Visitor: 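The structure is given below, and queries will be raised subsequently.
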Amino acid sequence: MTDLHDDSLDLPEQHRVRLAKRARLLAEGRDPYPVSVPVTHTIAQVRAAHPDLEPGAETDDVVGVAGRVVHLRNTGKLCFVSLADGAGERLQVMLSLAEVGEESLEAFKDDVDLGDHLFAHGRVISSRRGELSVLADDWQLAAKALRPLPTLHKESSEENRVRRRYLDLIARPAAREMVRVRSAVVRSLREELHQRGFIEVETPILQTQPGGAAARPFVTHMNAYDIDLYMRIAPELFLKRAVVGGIERVFELNRIFRNEGADSTHSPEFAMLEAYQAYGDYQTVATLVRELVQAAAVAAFGSTTVTLADGTEYDVGGDWPQIEMYSATSEAMGTTITPETPLEELMTLADAAGLEVNPAHVIPGKVSELLFEHYVGDHLVEPTFVLHYPVDTSPLVRAHRSQPGVVEKWDLYVRGVELATGYSELVDPVVQRERFEAQALLAAKGDHDAMRVDEDFLEAMEHGMPPMGGFGMGLDRLLMALTGQGIRETILFPLVKPR
RNA sequence: GGGCCUCUAGCUCAAUCGGUAGAGCAGCGGACUUUUAAUCCGUGGGUUGUGGGUUCGAGCCCCACGGGGCCCA
């Protein structure tokens with residue numbers, strides 16, 4: 001084409017051809033990007049209105065529809081074009097010489113490419129082969145695509161899937177399904193919590209002091225005050241302040257940020273649900289979490305039995321077993337460990353299991369947890385609550401009411417992955433201060449994940465925090481559990497390194 | 001952080017022992033009034049991730065770097 005400038009010559013041929021078409025349309029006074037087109041029906045509505053039209057049948061229904069061109073077939077004086085809507089629903093449009101005339105048909109052949117958005121107006125009919133169609137009497141380009149659609153018959157490479165998710169959504173039904181499932185799950189979680197009297201709040205994402213979890217934060221800078229701020233690693237300490245203020249059932253479902261690795265189970269930003277219930281305890285919230293997960297499965301799939309990506313079925317229905325961390329680990333190892341087992345003995349067991357212990361993690365509770373994960377946690381298939389963790393790894397949890405050395409905490413394991421954690425929350429400000437100080441010592445020894453003393457939070461607590469149960473559940477993890485997909489498939493636009 | 005695999009046309013992938021870089025879809029030109037990834041005839045398209053090295057000769061072998069994936073920690 002002669003009307004292209006030099007700097008467009010390194011573009012792929014298909015891109016150049018489409019740019020030229022756009023320029024030609026503009027020169028002819030025909031807008032390749034009209035403000036609107038007179039759509040009267042969605043593709044889904046047309047399909048729903050004519051569920052079983054006989055092959056060759058014609059109706060008097062006149063509709064205006066629009067969608068992305070995903071197939072083009074030209075048999076000379078008759079063109080077939082398949083339009084797709086955002087849900088992947090398709091509808092065929094037929095352009096016949098007899099209906100639109102020679103000029104319009106030639107323009108269609110010259111102007112319309114795969115990937116364009118097209119508007120068509122005409123009667124709803126069924127083709128000879130029984131394909132529901134709009135027999136166009138008029139058509140108009142709704143938006144010109146300058147780049148070609150990828151081949152729709154093959155899945156994109158892993159990299160292109162996440163870098164150009166919009167193409168993945170166009171080409172792959174499972175990608176669209178994940179968006180629908182995630183939305184259904186989020187909506188279900190909110191509705192179930194609202195039904196139980198929980199109030200949703202939004203707490204600070206930019207914090208002067210990160211807290212509420214053991215994780216490394218992202219650091220950012222605020223110019224106006226010239227201070228460093230942290231992206232939150234958990235909403236916990238603010239939600240508890242809300243409970244102190246009288247919001248007795250409170251939750252937040254939003255993004256948190258952890259400056260750690262990114263792999264098939266970890267994303268640096270992910271969605272977390274945390275909820276706190278005054279006058280409840282760890283068993284109250286265990287029941288709550290089970291009900292939320294089961295309701296989410298039903299909302300997304302219509303059943304508590306879900307089909308995973310590998311085709312296997314997985315049932316999250318019914319009651320879920322509860323096991324105790326120390327006794328389950330002892331049983332699996334054949335050696336009894338308790339919260340009183342000396343560190344040296346635990347280290348010997350860790351060595352025997354071939355576990356490498358990070359020097360910052362050489363405390364009895366952490367080593368016991370590593371043993372648990374190795375011998376038990378990784379093998380838990382059905383949804384299981386693991387109860388009663390060591391005190392020294394759970395600085396925000398209250399001590400067990402009768403068992404010494406452990407706290408009233410559970411971790412929920414689903415297919416070997418930690419899905420959620422729940423506590424009888426620590427509400428004694430004096431004990432909380434001691435726990436923070438013990439954490440600060442660990443931080444001084446080089447544990448980047450250790451918590452720091454949060455005076456502002458302690459002051460809130462000193463005004464009287466009611467007894468409560470609380471839990472946290474990763475939304476992305478929940479979707480992984482219910483679908484069997486990797487975390488990057490559950491996140492619409494995961495972070496990808498720039499090329 | 002460690003190990004392994006991978007990067008070739010717009011997309012998805014081939015290329016034997018180191019010897020002229022190919023296919024399908026998409027594109028371009030043409031035929032065709034009921035197609036369904038339409039069909040038929042003709043045809044263009046490449047800095048093989050980047051930078052070095054070995055070699056008469058590198059998509060292929062070696063080194064470094066970058067992107068992606070899997071496994072381990």
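Excluded from the calculations below are hydrogen atoms, water molecules and symmetry mates; all remaining heavy atoms, backbone and side chain alike, are included. Chain identifiers are assigned alphabetically (A, B, ...) following the order of the sequence lines, protein sequences preceding nucleic acid strands; residue numbering begins at 1 within each chain. For clarity, every value in this text was computed on a predicted model and none was experimentally measured.
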Visitor: Can you list every ring pair (Phe, Tyr, Trp, His ring centres under 6.0 Å) pair that touches residues 133-157 of chain A, not counting sequence neighbours?
Guide: A:Phe108-A:Trp139
Visitor: With rounding to the nearest 0.5 angstrom, report the CZ to CD1 distance, A:Phe218 to A:Ile233.
Guide: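 Nearest 0.5 Å value for the CZ-CD1 distance: 11.5 Å.
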Visitor: Between A:Leu355 and A:Leu72, which is nearer to the 5' end of RNA chain B once each is assigned its nearest nucleotide?
Guide: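 Of the two residues, A:Leu72 wins.
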Visitor: Determine the interatomic distance between C1' on B:G22 and the same-named atom on B:C60; round to the nearest Å.
Guide: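 Rounded to whole Å, the distance is 15 Å.
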Visitor: Determine the Euclidean distance between corresponding P atoms of B:A23 and B:G46; express it in Å to zero decimal places.
Guide: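 Comparing P positions in B:G46 and B:A23 gives a spacing of 14 Å.
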Visitor: Partner of B:A9 by Watson-Crick or G-U wobble geometry, both contacts under 3.5 Å, or none?
Guide: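 Base-paired to nothing in any strand shown.
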Visitor: Any chance the side chains of A:Asp411 and A:Thr421 put a donor and an acceptor closer than 3.5 Å?
Guide: yes
Visitor: Ignoring hydrogens and geometry, is there a side-chain-to-backbone donor-acceptor pair from A:Arg123 to A:Glu58 under 3.5 Å?
Guide: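 Such a contact is absent between A:Arg123 side chain and A:Glu58 backbone.
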Visitor: Any side-chain to backbone donor/acceptor pair from A:Lys21 onto A:Arg16? Under 3.5 Å, distance only.
Guide: no
Visitor: Ring of A:Tyr389, cation from A:Lys409 - is the NZ or CZ under 6.0 Å from the centre and inside 45° of the axis?
Guide: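 Pair A:Lys409/A:Tyr389 counts as cation-pi.
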Visitor: Go through the side-chain N and O atoms of A:His388 and A:Tyr282 and say whether any donor and acceptor fall under 3.5 Å apart.
Guide: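 Side-chain D/A pair, A:His388 to A:Tyr282: present.
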Visitor: Can you tell me the Watson-Crick or wobble partner of B:G49, both distances under 3.5 angstrom?
Guide: B:C65
Visitor: Base, sugar-phosphate, or nothing for A:Ser133, non-hydrogen atoms under 4.0 angstrom?
Guide: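 No contact.
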Visitor: On a whole-Å scale, what distance lies between the C1' atoms belonging to B:C71 and B:G18?
Guide: 32 Å
Visitor: Without decimals, in angstroms, what is the distance between A:Phe80 CZ and B:U34 P?
Guide: 7 Å
Visitor: Please give me every residue in residues 112-127 of chain A whose heavy atoms get under 4.0 Å of an atom in RNA chain B, ordered by residue number.
Guide: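 Contacting residues: A:Leu114, A:Ser127.
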Visitor: In a check of side chain to side chain contact (heavy atoms under 4.5 Å, CB included) between A:Leu479 and each of A:Asp476, A:Leu475, A:Leu482, which one passes?
Guide: A:Leu475
Visitor: Over how many whole Å does the gap from A:Leu146 atom CG to B:G27 atom C1' extend?
Guide: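 Going from CG in A:Leu146 over to C1' in B:G27 covers 15 Å.
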Visitor: Does a nitrogen or oxygen in the side chain of A:Lys21 sit under 4.0 Å from OP1 or OP2 of B:C28?
Guide: yes
Visitor: Between A:Arg176 and A:Leu169, is there a donor-acceptor pair closer than 3.5 Å when you use the side chain of the first and the backbone of the second?
Guide: yes
Visitor: Show every ring pair (Phe, Tyr, Trp, His ring centres under 6.0 Å) that has at least one partner inside residues 367-387 of chain A, sequence neighbours left out.
Guide: A:Trp320-A:Phe385, A:Phe372-A:Tyr413, A:Phe385-A:Trp410
Visitor: Say whether, by atom type as modelled, one donor and one acceptor occur between the side chain of A:Thr384 and the main chain of A:Glu382 under 3.5 angstrom.
Guide: yes
Visitor: What are the atom names and distances for every N/O pair under 3.5 Å that joins the protein to nucleotides 41-51 of chain B?
Guide:
residue	atom	partner	partner atom	Å
B:G44	N2	A:Glu13	OE1	2.6

Visitor: Are a donor atom and an acceptor atom from the side chains of A:Ser126 and A:Glu131 found within less than 3.5 Å of each other?
Guide: no
Visitor: Rounded to the nearest angstrom, tell me the gap between atom CG in A:Leu78 and atom P in B:U39.
Guide: 16 Å
Visitor: How far does the P atom of B:C61 sit from the matching atom of B:U16, given to the nearest Å?
Guide: 10 Å
Visitor: Rounded to whole Å, how long is the line connecting atom NE2 of A:His374 with atom C1' of B:A73?
Guide: 13 Å
Visitor: Hey, what do you get for CZ (A:Arg68) to CG (A:Leu83), rounding to the nearest 0.5 Å?
Guide: 11.0 Å
Visitor: Does NZ or CZ of A:Arg232 lie under 6.0 Å from the centre of the six-membered ring of A:Phe257, at an angle within 45° of the ring axis?
Guide: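 Because its charged atom misses either the 6.0 Å distance or the 45° angle limit, A:Arg232 does not stack over A:Phe257.
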Visitor: Any strand counts, and the cut-off is 3.5 Å on both contacts for Watson-Crick or G-U wobble. Which nucleotide pairs with B:G1?
Guide: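 Across all strands, the one nucleotide that pairs with B:G1 is B:C72.
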Visitor: Between B:G27, B:U12, B:C32, which one does the side chain of A:Asn74 approach most closely?
Guide: B:C32
Visitor: Sticking with atom P, work out how far B:G51 lies from B:G66, rounded to a whole angstrom.
Guide: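 Each nucleotide's P atom is 15 Å from the other's.
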Visitor: Could you tell me whether the side chain of A:Arg163 and the main chain of A:Pro498 form a donor-acceptor pair under 3.5 Å?
Guide: no
Visitor: Please measure how far the C1' atom in B:U8 lies from the corresponding atom in B:G45, and state the result in whole Å.
Guide: 14 Å
Visitor: For the C1' atoms, the ones on B:U6 and on B:G49, what distance do you get once it is rounded to whole angstrom?
Guide: 11 Å
Visitor: Under 4.0 Å between any heavy atoms, over every strand shown, what does A:His15 touch: base, sugar-phosphate, or nothing? Just pick one.
Guide: nothing
Visitor: It should be established whether A:Arg164 places a side-chain nitrogen or oxygen under 4.0 Å from OP1 or OP2 of nucleotide B:C11.
Guide: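 Yes, within the criterion.
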Visitor: Side chain of A:Arg452, backbone of A:Pro210: donor and acceptor closer than 3.5 Å?
Guide: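 Checked: no pair found.
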Visitor: To the nearest angstrom, how far is A:Asp111 atom CG from B:G27 atom P?
Guide: 14 Å
Visitor: Take the protein atom CG of A:Leu19 and the nucleotide atom P of B:C28, then report the distance between them rounded to whole Å.
Guide: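 Interatomic distance, CG of A:Leu19 to P of B:C28: 13 Å.
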Visitor: Is A:Ser156 touching bases, backbone alone, or none of the nucleic acid, heavy atoms closer than 4.0 Å?
Guide: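 Contact class for A:Ser156: sugar-phosphate only.
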Visitor: On the nucleotide B:A38, are OP1 or OP2 found under 4.0 Å from the side-chain N or O atoms that A:His71 carries?
Guide: yes
Visitor: Could you tell me how far apart A:Ile170 (CD1) and B:A37 (C1') are, to the nearest whole angstrom?
Guide: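 Distance, rounded to whole Å: 17 Å.
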Visitor: Identify all pairs in which a protein N or O lies below 3.5 Å from an N or O of nucleotides 65-72 of chain B, and state each distance.
Guide:
residue	atom	partner	partner atom	Å
B:G67	OP1	A:Lys497	NZ	2.8
B:G67	O3'	A:Arg163	NH2	3.1
B:G67	O2'	A:Glu159	OE2	2.6
B:G67	O2'	A:Arg163	NH2	2.8
B:G68	OP1	A:Lys497	N	3.1
B:G68	O4'	A:Glu159	OE1	3.3
B:G69	OP1	A:Arg488	NH1	2.5

Visitor: Just confirming the chi classification of B:C70, syn or anti, using 90° around 0 as the syn window.
Guide: anti
Visitor: If I pick the P atom on B:C13 and the same atom on B:C7, what distance separates them, to the nearest angstrom?
Guide: 10 Å
Visitor: Looking at every strand, decide which applies to A:Asn160 at a 4.0 Å heavy-atom threshold: base, sugar-phosphate, or nothing.
Guide: sugar-phosphate
Visitor: For RNA chain B, which residues in residues 89-102 of chain A have a heavy atom at a distance below 4.0 Å?
Guide: A:Gln92, A:Met94, A:Ser96, A:Leu97, A:Ala98
Visitor: Specify the separation, in whole Å, of atom CZ of A:Arg73 and atom P of B:U36.
Guide: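 Answer to the nearest Å: 7 Å.
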Visitor: Among B:G27, B:C32, B:U34, find the nucleotide with the atom closest to the side chain of A:Lys77.
Guide: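 Nearest to the side chain of A:Lys77 among the choices is B:C32.
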Visitor: More than 12 heavy atoms of other residues, nucleotides or ligands under 6.0 Å from CZ of A:Arg180: is that the case?
Guide: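 Check passes, neighbour count above 12.
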